[in-house]
Amino acid sequence: MKKKALNQVTDFDLKLLRIFKAVADCGSFSAAEGLLGITRSAISLHMGDLEQRLGMRLCQRGRAGFSLTDEGREILRLSETMMTSVEFFRQQVNQMHEQIRGEFKLGIINNLVTQPMMRITEALQELRTRGPEIRINLSMCTPAEIERGLMDGRLHAGALPMITPLSTLNYYPLYEEKSSLYCSHAHPLFDTAENVDSARLSTADAVAPGYRMTAETIGLHQQLNCNATATDREGIAFLILTGKFVGFLPDHYATTWVEKHRMRAINPDKMFFTTTIAAATRKGHRANAILDLFLRSLGL
């Protein structure tokens, strides 16, 4: 495709770039149909228009599947930076009119919704009440993904375990979360779970989290035969429910299975740890009325 200079960026170009981002996020034209609300053929035409405007091939599509070219990945990165700047401009103008509008991007770890002390739900409720035109974009992420999203500006705020605080982020403790060691009803330890000999427990297959842990948590896992990992708590629950593994889960998350007699805590007086769940923001972030309202709604 012939290279050519881009003289100006129009509203139509912004529309095409948003379509391109949706396609890239979804991984194919067909998968983006539902998100964009337009047909695959229309998406293809728009992508052709964008490539013509930019004078470069952005993606490969065909029988071999969909993939971004090197130029496509760079255009995606640049467009995300531009969209962030546009959103910042809109928020600043809205603040001048004392109206709370715009997008609020929040990343949280999974399985927090069952926490009885979950203040995030109440804060989002307040956000929606005070700013009915605020677009809330909630992403379920791993702790590492939340930290990266905060640092590169893709997220305004996050909720995650405060394991090893990063110097570039602000942390606001919300509550303490207790996690215990669990096995399922199909596991050999289930009937005697409350009093398992340490030697027997050390031979039980166990699942460990694939994210950072505190020294206390690492010490507890070292007492187990950890030969499986999971990226999040839901993955740990899946493996526990096979009846082949034991693993640590937050007590509030395990309650559903405990009440149905499908899980039981092992040596509950000894095999547990607590984790501080904190809200986090990037240090030195730009003024943002929506973020400020969210933090105030959390009581911070």
Side-chain angles (χ1 to χ4, degrees), residues 107-120 140-147 158-166 171 173-280:
I108 65 175
I109 59 171
N110 65 355
N111 313 127
L112 286 186
V113 71
T114 53
Q115 166 60 253
M117 297 174 61
M118 178 44 58
R119 290 153 58 185
I120 292 177
M140 309 307 296
C141 311
T142 65
E145 289 170 341
I146 293 172
E147 291 168 342
L160 71 166
M162 196 164 66
I163 306 297
T164 309
L166 302 181
Y171 294 85
L174 297 176
Y175 54 81
E176 296 296 310
E177 180 183 75
K178 181 186 175 187
S179 296
S180 301
L181 182 65
Y182 286 93
C183 66
S184 83
H185 65 288
H187 196 279
L189 296 179
F190 186 79
D191 292 334
T192 58
E194 293 187 358
N195 186 22
V196 178
D197 178 80
S198 58
R200 186 183 180 193
L201 185 57
S202 66
T203 63
D205 290 339
V207 53
Y211 44 83
R212 293 196 304 272
M213 296 182 282
T214 64
E216 175 193 15
T217 308
I218 292 173
L220 289 172
H221 281 85
Q222 287 175 340
Q223 298 178 38
L224 307 171
N225 180 32
C226 293
N227 51 18
T229 60
T231 58
D232 55 32
R233 287 106 70 95
E234 186 171 358
I236 293 174
F238 265 110
L239 290 174
I240 292 173
L241 289 169
T242 66
K244 302 298 183 182
F245 298 91
V246 301
F248 285 93
L249 289 176
D251 289 349
H252 64 83
Y253 181 47
T255 294
T256 298
W257 293 292
V258 171
E259 291 177 346
K260 295 178 180 178
H261 306 290
R262 296 192 62 200
M263 276 191 194
R264 185 171 290 171
I266 300 173
N267 295 350
D269 294 335
K270 296 184 294 184
M271 299 301 290
F272 71 90
F273 62 88
T274 58
T275 304
T276 299
I277 302 298

Side-chain heavy-atom pair [X], [Y] within 4.5 angstrom cut-off:
{"X": "F273", "Y": "T214", "value": "no"}
{"X": "L189", "Y": "R200", "value": "yes"}
{"X": "F245", "Y": "I236", "value": "no"}
{"X": "R212", "Y": "P143", "value": "no"}
{"X": "L181", "Y": "L201", "value": "yes"}

Item to complete: Please check if the side chain of T255 supplies one atom and the backbone of D251 the other of a donor-acceptor pair under 3.5 Å.
Response: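 Flag set: sc T255 to bb D251 pair under 3.5 Å.
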
Worksheet item: Would you say the side-chain atoms of R233 pair up with the backbone N or O of P250, donor to acceptor, closer than 3.5 Å?
Response: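 Side chain of R233 to backbone of P250, a donor-acceptor pair under 3.5 Å: no, none is there.
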
Provide the closest heavy-atom pair for [X] versus [Y] in the form atom of the first, atom of the second, distance.
{"X": "T275", "Y": "P161", "value": "CG2-CB, 3.6 Å"}
{"X": "I146", "Y": "G158", "value": "CG2-CA, 3.8 Å"}
{"X": "A159", "Y": "I120", "value": "CB-CD1, 3.3 Å"}
{"X": "A208", "Y": "C226", "value": "CB-SG, 4.0 Å"}

Return the [atom1] to [atom2] distance between [X] and [Y], rounded to the nearest 0.5 Å.
{"X": "C141", "Y": "E147", "atom1": "SG", "atom2": "CD", "result": "11.0 Å"}
{"X": "Y253", "Y": "N110", "atom1": "OH", "atom2": "CG", "result": "6.5 Å"}
{"X": "S202", "Y": "L224", "atom1": "OG", "atom2": "CG", "result": "8.5 Å"}
{"X": "I218", "Y": "Q223", "atom1": "CD1", "atom2": "CD", "result": "13.0 Å"}
{"X": "H187", "Y": "I240", "atom1": "NE2", "atom2": "CD1", "result": "9.5 Å"}
{"X": "I163", "Y": "M213", "atom1": "CD1", "atom2": "CE", "result": "9.0 Å"}

Item to complete: With sequence neighbours excluded, give me every ring pair (Phe, Tyr, Trp, His ring centres under 6.0 Å) pair touching residues 194-225.
Response: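 For residues 194-225: H221-F248.
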
Practice prompt. Show the numbers, then the answer: is there a side chain to side chain contact (heavy atoms under 4.5 Å, CB included) between I109 and I277?
Written response: CA-CA 10 Å; I109 59 171; I277 302 298; 4.3 Å; yes

Practice prompt. Could you please spell out the steps behind the side chain to side chain contact (heavy atoms under 4.5 Å, CB included) verdict for Y182 and L241?
Written response: CA-CA 10 Å; Y182 286 93; L241 289 169; over 6 Å; no

Could you pull out all donor-acceptor pairs under 3.5 Å where a side-chain atom in residues 257-269 meets a protein atom, sequence neighbours excluded?
{"unit_1": "R264", "atom_1": "NH1", "unit_2": "F190", "atom_2": "O", "d": "2.9"}
{"unit_1": "N267", "atom_1": "OD1", "unit_2": "V196", "atom_2": "N", "d": "2.7"}
{"unit_1": "N267", "atom_1": "ND2", "unit_2": "V196", "atom_2": "O", "d": "3.0"}

Item to complete: Count the heavy atoms of every other residue, nucleotide or ligand shown that sit under 6.0 Å from CD of E194, and state whether that count exceeds 12.
Response: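 No - once you tally the heavy atoms of other residues, nucleotides and ligands closer than 6.0 Å, there are 12 at most.
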
Discussion item. Can you tell me if Y175 has over 12 outside heavy atoms packed within less than 6.0 Å of its OH?
Written reply: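 Yes, enclosed.
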
Practice prompt. Give the C-alpha distance, both sets of side-chain angles, the deciding distance and a yes or no for side chain to side chain contact (heavy atoms under 4.5 Å, CB included) between D205 and N225.
Written response: CA-CA 5 Å; D205 290 339; N225 180 32; 3.0 Å; yes

Discussion item. Side chain to side chain contact (heavy atoms under 4.5 Å, CB included), that's the test. Do L166 and Y171 meet it? Break it down for me.
Written reply: CA-CA 9 Å; L166 302 181; Y171 294 85; 3.8 Å; yes

